[in-house]
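Residues: numbered from 1 along the sequence shown.
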Amino acid sequence: QVQLVESGGGLVQAGGSLRLSCAASGRTFSSYAMGWFRQAPGKEREFVAAINWSGVITYYAGSVKGRFTISRDNAKNTVYLQMNSLKPEDTAVYYCAATRLGGTPSGISQYDYWGQGTQVTVSS
């Protein structure tokens with residue numbers, strides 16, 4: 001199993017940048033694919049980005065492609081989400097998640113472990 005803790009959220013102006021981190025603890029962190037999801041008030045949780053176990057393969061939701069970058073450092077047991085050109089519609093609680101599945105899963109039900117989330121607010 002693995003425990004996940006997100007950090008780096010905050011309040012930023014539209015057009016700004018923010019970097020989220022997800023610290024993981026577990027014996028086999030490097031064997032997990034990792035993902036980022038977000039949930040805005042009154043909306044369902046949605047997929048943002050995923051990265052495979054080695055970091056070679058990534059996959060993004062169309063709404064963030066070109067603006068967000070997911071990466072991982074297995075030596076540090078950490079996954080990152082670099083967010084640039086932020087928009088008010090990016091405002092949400094962001095969650096990191098881990099799965100034993102291979103590839104870059106994008107479905108909520110495909111993930112086994114979840115962090116507590118970190119708030120990202122983008123002002124107009």
Side-chain angles (χ1 to χ4, degrees):
Q1 64 175 18
V2 61
Q3 293 79 48
L4 308 173
V5 180
E6 303 95 334
S7 63
L11 175 63
V12 298
Q13 293 184 327
S17 298
L18 206 60
R19 189 193 194 196
L20 305 183
S21 297
C22 176
S25 62
R27 299 179 183 179
T28 57
F29 171 77
S30 62
S31 68
Y32 292 91
M34 301 293 294
W36 284 96
F37 293 77
R38 67 187 183 186
Q39 187 166 22
K43 295 186 177 182
E44 297 297 314
R45 191 169 299 186
E46 66 175 356
F47 170 77
V48 175
I51 188 167
N52 81 319
W53 73 270
S54 68
V56 172
I57 306 172
T58 58
Y59 179 64
Y60 300 90
S63 59
V64 306
K65 191 173 184 178
R67 298 189 299 122
F68 291 10
T69 301
I70 186 172
S71 62
R72 68 190 297 164
D73 187 338
N74 288 342
K76 296 182 178 179
N77 284 6
T78 303
V79 176
Y80 306 95
L81 184 68
Q82 178 66 47
M83 305 183 293
N84 299 325
S85 301
L86 284 163
K87 305 174 181 179
E89 48 262 49
D90 293 319
T91 295
V93 175
Y94 284 70
Y95 301 88
C96 65
T99 177
R100 299 177 190 274
L101 298 175
T104 53
S106 60
I108 295 173
S109 64
Q110 295 179 286
Y111 285 80
D112 306 299
Y113 307 101
W114 295 83
Q116 293 298 115
T118 184
Q119 178 71 48
V120 171
T121 303
V122 184
S123 62
S124 302

| Minimum side-chain heavy-atom gap Leu4-Cys96 below 4.5 Å | yes
| task | Please tell me if the side chains of Arg38 and Ser63 come closer than 4.5 Å, counting only heavy atoms from C-beta onward. | result | yes
How long is the span from the [atom1] atom in [X] to the [atom2] atom in [Y], to the nearest 0.5 Å?
| X | Y | atom1 | atom2 | answer |
| --- | --- | --- | --- | --- |
| Thr78 | Met34 | OG1 | CE | 9.5 Å |
| Asn74 | Trp53 | CG | CH2 | 8.0 Å |
| Asp112 | Gln110 | CG | CD | 10.0 Å |
| Leu81 | Tyr94 | CG | OH | 7.5 Å |
| Gln82 | Leu20 | CD | CG | 8.5 Å |

Taking all heavy atoms of [X] and all of [Y], pick out the closest pair and write down the distance.
| X | Y | result |
| --- | --- | --- |
| Leu101 | Ala33 | O-CB, 3.6 Å |
| Arg67 | Leu86 | NH1-CA, 3.9 Å |
| Ser17 | Asn84 | OG-OD1, 2.9 Å |
| Ile108 | Arg45 | CD1-O, 3.3 Å |
| Tyr60 | Ala49 | CD2-CB, 3.6 Å |
| Tyr95 | Gly115 | CD2-O, 3.6 Å |

For [Y], does its backbone N or O pair with a side-chain atom of [X] as donor and acceptor, under 3.5 Å?
| X | Y | result |
| --- | --- | --- |
| Thr91 | Val122 | yes |
| Gln39 | Ala92 | no |
| Ser106 | Phe47 | no |
| Glu6 | Gly117 | yes |

| query | Will you find, in the side chains of Thr104 and Asn52, an N or O donor that is under 3.5 Å from an N or O acceptor? | reply | no
| Taking everything shown except Glu44 itself, do over 12 heavy atoms lie less than 6.0 Å from its CD? | no
| task | Any chance you could lay out the side chain to side chain contact (heavy atoms under 4.5 Å, CB included) test for Tyr113 and Arg100, step after step, and finish with the verdict? | result | CA-CA 9 Å; Tyr113 307 101; Arg100 299 177 190 274; 2.8 Å; yes
| request: Take Asp90 and Met83 through the side chain to side chain contact (heavy atoms under 4.5 Å, CB included) test and state the conclusion after the steps. | output: CA-CA 9 Å; Asp90 293 319; Met83 305 183 293; over 6 Å; no
| Aromatic Phe29 / basic Arg72 pairing, under 6.0 angstrom, 45° off normal | yes
| said: In terms of relative ring orientation, are Phe37 and Trp114 parallel, tilted or perpendicular, with 30° and 60° separating the classes? | reply: tilted
When hydrophobic residues are tied together by side-chain contacts of less than 4.5 Å, even through go-betweens, does [X] share a cluster with [Y]?
| X | Y | value |
| --- | --- | --- |
| Tyr80 | Val64 | no |
| Ile70 | Tyr32 | yes |
| Val93 | Leu18 | no |

